[in-house]
Amino acid sequence: MSSTANVNERLAALTAAGTSPWLDQMRRSLATDGTLAQMVAEDSLRGLTSNPSIFEKAMLHSDDYDEAIAALRGQGLTADAAYERMAIEDLQLALDIFRPVWDATDHKDGYCSLEVAPGLAHDTEATMDQARSLWARVDRPNLMVKIPGTPEGLPAIEQMIYEGRNINVTLLFSVSAYEHVTEAFIRGMERRHAEGLSLDVHSVASFFVSRVDTEVDKRLTALGREDLHGTAALANARAAYQLFERVFGSERFAALAAAGAPVQRPLWASTGVKNPDYSPTLYVDQLVAPDTVNTMPMDTLRATGESAQITGATGALDPSAALDALREAGIDMDDVTDVLLAQGVTAFVDAFDALIAGVGQALAGETA
């Protein structure tokens with residue numbers, strides 16, 4: 001364990017302000033070479049997220065898995081089964097590293113997320129079946145199963161919370177969709193409470209950030225309103241945080257809180273900037289708020305440690321003026337978020353398909 005002198009002050013300040021830094025990346029060597037453990041000790045790292053795009057890059061574009069694939073070759077596994085086995089092994093390694101964080105924070109942090117197959121985004125029953133399977137096979141209490149916040153995902157989210165599984169709700173773009181997600185979480189917890197079950201069940205709601213600016217800035221350029229570039233993503237996320245405060249500060253949730261229920265924390269995802277003109281820590285500095293998570297790609301986390309400016313609860317600022325300006329400029333945020341959700345599901349499906357195809361080739365001893 002590193003001494004206090006080696007702890008990064010900026011990342012420690014971010015954590016102290018209420019925003020937990022998580023890493024939006026996974027590859028096996030991060031767990032086996034000591035990197036994750038060092039980041040927990042020195043960078044206040046408190047969790048990790050993965051998705052099909054992350055595993056596609058890790059498994060097909062590194063040599064981390066050559067040994068694992070060689071061991072699996074000849075066992076008669078499908079590519080899907082081989083991927084799941086490797087991903088589960090990765091998550092078990094990471095979860096064991098984060099287990100002391102989970103213990104020390106009374107189960108608030110220390111989670112790692114593994115996503116159900118993205119092709120199940122519109123299939124409630126299949127999503128629940130795979131969530132149950134992943135939960136049982138990973139067999140770690142600090143796992144979060146990722147379920148998309150689609151209309152079909154909502155019943156699965158409620159049921160999995162009711163069954164006592166920690167859930168990371170992914171692919172959230174619109175505040176209205178997020179409101180439905182909070183309802184699913186609370187209903188699941190109310191069902192547990194009514195039956196006298198433990199309320200030590202945790203969830204985050206992953207609100208995607210940078211992709212909002214990418215889409216809106218493109219539309220603003222077409223409208224000749226470049227002056228509003230870089231305002232939509234922060235305003236949208238801050239509106240989500242306002243909803244979080246209303247929902248989890250309500251009388252309805254107070255009864256659950258009094259019985260020991262945790263809030264469902266907003267998680268800022270996709271926080272690496274896509275526009276090189278923006279500060280690399282834009283979506284960190286400006287989205288600090290109590291009871292939030294910011295899951296960052298490695299480059300963004302390193303930039304945060306080097307140059308972040310933690311100046312208070314910037315994520316709790318009122319977004320009304322920015323949203324009004326965007327509306328008056330002709331930006332329909334409902335249409336923007338609908339487009340982004342469809343694109344997000346497709347992108348994860350495509351990445352997963354490429355991942356499975358690549359694993360299949362590797363199992364067959366073929367070169368991609």
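Quantities reported herein were computed from a predicted structural model and do not represent experimental measurements. The analysis underlying the following values was restricted to heavy atoms, covering all of them including side chains, and did not include hydrogens, waters or symmetry mates.
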**Glu306 backbone acceptor or donor facing Arg10 side chain under 3.5 Å** = yes
**Asked** Are any side-chain N or O atoms of Tyr65 and backbone N or O atoms of Ala58, one a donor and one an acceptor, separated by less than 3.5 Å?
**Response** no
**Prompt:** If we ignore angles and hydrogens, is there a donor and acceptor under 3.5 Å between the side chains of Tyr162 and Glu195?
**Reply:** yes
**Message:** Checking Tyr283 against Asp213: is there a side-chain donor and acceptor pair closer than 3.5 Å?
**Reply:** yes
**Request:** Check the side chains of Arg137 and Gln92 for a donor-acceptor pair under 3.5 angstrom, ignoring hydrogens and angles.
**Result:** no
**Prompt:** For Asp285 and Thr281, does a side-chain donor sit closer than 3.5 Å to a side-chain acceptor?
**Reply:** yes
**Asked** When you measure from the side chain of His229 to the backbone N and O of Asp217, does any donor-acceptor pair fall under 3.5 Å?
**Response** yes
**Request:** Using the side chain to side chain donor-acceptor pair (under 3.5 Å) rule, pick out the option among Ser50, Ser113, Ser203 that qualifies with Asn168.
**Result:** Ser113
**Message:** Before you tell me yes or no, could you show the steps for Leu114 and Phe55 under side-chain contact (heavy atoms from CB on, under 4.5 Å), namely the whole-Å CA-CA distance, both residues' side-chain angles and the distance that decides it to 0.1 Å?
**Reply:** CA-CA 10 Å; Leu114 181 61; Phe55 275 123; 3.9 Å; yes
**Asked** Counting only N and O atoms by type, is there a donor-acceptor contact under 3.5 Å from the side chain of Gln75 to the main-chain atoms of Ala71?
**Response** yes
**Request:** Would you tell me whether Gln343 and Arg211 have side-chain atoms, one donor and one acceptor, within less than 3.5 Å of each other?
**Result:** no
**Prompt:** In the hydrophobic clustering (ILVMFWY, side-chain contacts below 4.5 Å, transitive), which residues join Val204, or is it alone?
**Reply:** Trp22, Trp102, Tyr111, Met144, Leu267, Val293
**Message:** For Arg252, is there an ion pair with Glu183 - N to carboxylate O distance below 4.0 angstrom?
**Reply:** yes
**Carboxylate-amine/guanidinium contact Arg28 Asp64, below 4.0 Å** = no
**Prompt:** Does atom CD of Glu226 have more than 12 heavy-atom neighbours, drawn from other residues, nucleotides or ligands, at distances under 6.0 Å?
**Reply:** yes
**Verdict with supporting geometry, Lys274 and Ser210, side-chain hydrogen bond (donor to acceptor under 3.5 Å, both in side chains)** = CA-CA 7 Å; Lys274 305 294 192 292; Ser210 65; 2.6 Å; yes
**Asked** Mind checking whether Met59 and Ile69 sit in one hydrophobic cluster, side chains of I, L, V, M, F, W, Y counted as touching below 4.5 Å?
**Response** yes
**Asked** Is it true that Asp109 and Arg265 make a salt bridge, defined as a side-chain N closer than 4.0 Å to a carboxylate O?
**Response** yes
**Prompt:** In the single-linkage hydrophobic clustering (I, L, V, M, F, W, Y; side-chain heavy atoms under 4.5 Å), do Val212 and Leu223 co-cluster?
**Reply:** yes
**Prompt:** Should Pro141 and His107 count as side-chain neighbours, where that means a heavy-atom distance under 4.5 Å?
**Reply:** no
**Asked** CG of Leu36 to CG of Leu45: how many Å apart, nearest 0.5 Å?
**Response** 7.0 Å
**Message:** Looking only at side-chain N and O atoms, does Tyr178 offer a donor or acceptor that is under 3.5 Å from a partner on Asn236?
**Reply:** no
**Co-membership, hydrophobic cluster, residues Val209 and Leu171, 4.5 Å side-chain** = no
**Request:** Using a 4.5 Å cut-off on heavy atoms from C-beta on, say whether the side chain of Pro266 contacts that of Phe244.
**Result:** yes
**Prompt:** If we ignore angles and hydrogens, is there a donor and acceptor under 3.5 Å between the side chains of Thr19 and Thr292?
**Reply:** yes
**Asked** How many angstroms lie between atom CG of Leu243 and atom CD of Glu245, to the nearest 0.5 angstrom?
**Response** 10.0 Å
**Prompt:** Any donor and acceptor pair, going by atom type alone, linking the side chain of Arg238 with main-chain N or O of Gln286 inside 3.5 Å?
**Reply:** yes
**Asked** Can you check salt bridge (charged side-chain N to carboxylate O under 4.0 Å, His left out) on Asp90 and Arg27, steps first, answer last?
**Response** CA-CA 7 Å; Asp90 279 1; Arg27 53 184 286 181; over 6 Å; no
**Side-chain (Glu125) to main-chain (Asp123) donor-acceptor, under 3.5 angstrom** = no
**Request:** Before accepting this row, confirm whether a basic side-chain N of the pair Asp96/Arg140 lies closer than 4.0 Å to the acidic partner's carboxylate O.
**Result:** yes
**Request:** Examine the side chains of Ser320 and Asp318 and answer whether a donor and an acceptor come within less than 3.5 Å of each other.
**Result:** yes
**Asked** Are a donor atom and an acceptor atom from the side chains of Thr49 and Thr295 found within less than 3.5 Å of each other?
**Response** yes
**Same apolar cluster: Leu282 and Leu11, side chain cutoff 4.5 Å** = yes
**Request:** Verify whether the ring centers belonging to Phe352 and Tyr83 lie closer than 6.0 Å.
**Result:** yes
**Request:** Report yes or no: do Leu172 and Val216 belong to one cluster of Ile/Leu/Val/Met/Phe/Trp/Tyr joined by side chain heavy-atom distances under 4.5 Å?
**Result:** no
**Prompt:** Is the shortest side-chain N to carboxylate O distance from Glu215 to Arg219 below 4.0 Å?
**Reply:** yes
**Request:** Indicate yes or no for a side-chain donor-acceptor contact from Thr314 to the backbone of Val288 under 3.5 Å, with no hydrogens or angles considered.
**Result:** yes
**Message:** Once you measure the plane-to-plane angle for Tyr241 and Trp268, does it fall in the parallel (<30°), tilted (30-60°) or perpendicular (>60°) bin?
**Reply:** tilted
**Request:** Check the side chains of Gln264 and His202 for a donor-acceptor pair under 3.5 angstrom, ignoring hydrogens and angles.
**Result:** no
**Request:** Determine whether the side chains of Asp200 and Ser198 contain a donor N or O and an acceptor N or O closer than 3.5 Å.
**Result:** no
**Message:** Between Glu158 and Arg191, does any NZ, NE, NH1 or NH2 come within less than 4.0 Å of an OD or OE carboxylate oxygen?
**Reply:** yes
**Message:** Using a strict threshold of under 4.0 Å (side-chain N to carboxylate O), is an ion pair present between Arg225 and Asp227?
**Reply:** yes
**Asked** Just by modelled atom types, is the Asp335 backbone N or O under 3.5 Å from a matching donor or acceptor in the Asp332 side chain?
**Response** yes
**Prompt:** Should Leu91 and Ile88 count as side-chain neighbours, where that means a heavy-atom distance under 4.5 Å?
**Reply:** no
**Message:** Check whether Arg46 reaches the backbone of Pro21 with its side chain - one donor and one acceptor, N or O, closer than 3.5 Å.
**Reply:** no
**Item:** Criterion side chain to side chain contact (heavy atoms under 4.5 Å, CB included) against Lys146, the qualifying member of Val116, Leu134, Asn51
**Value:** Asn51
**Request:** Considering only NZ, NE, NH1 and NH2 on the basic side and carboxylate oxygens on the acidic side, decide whether Arg327 and Asp324 come within less than 4.0 Å.
**Result:** yes
**Any donor-acceptor N/O pair, Thr300 side chain to Met296 backbone, under 3.5 Å** = no
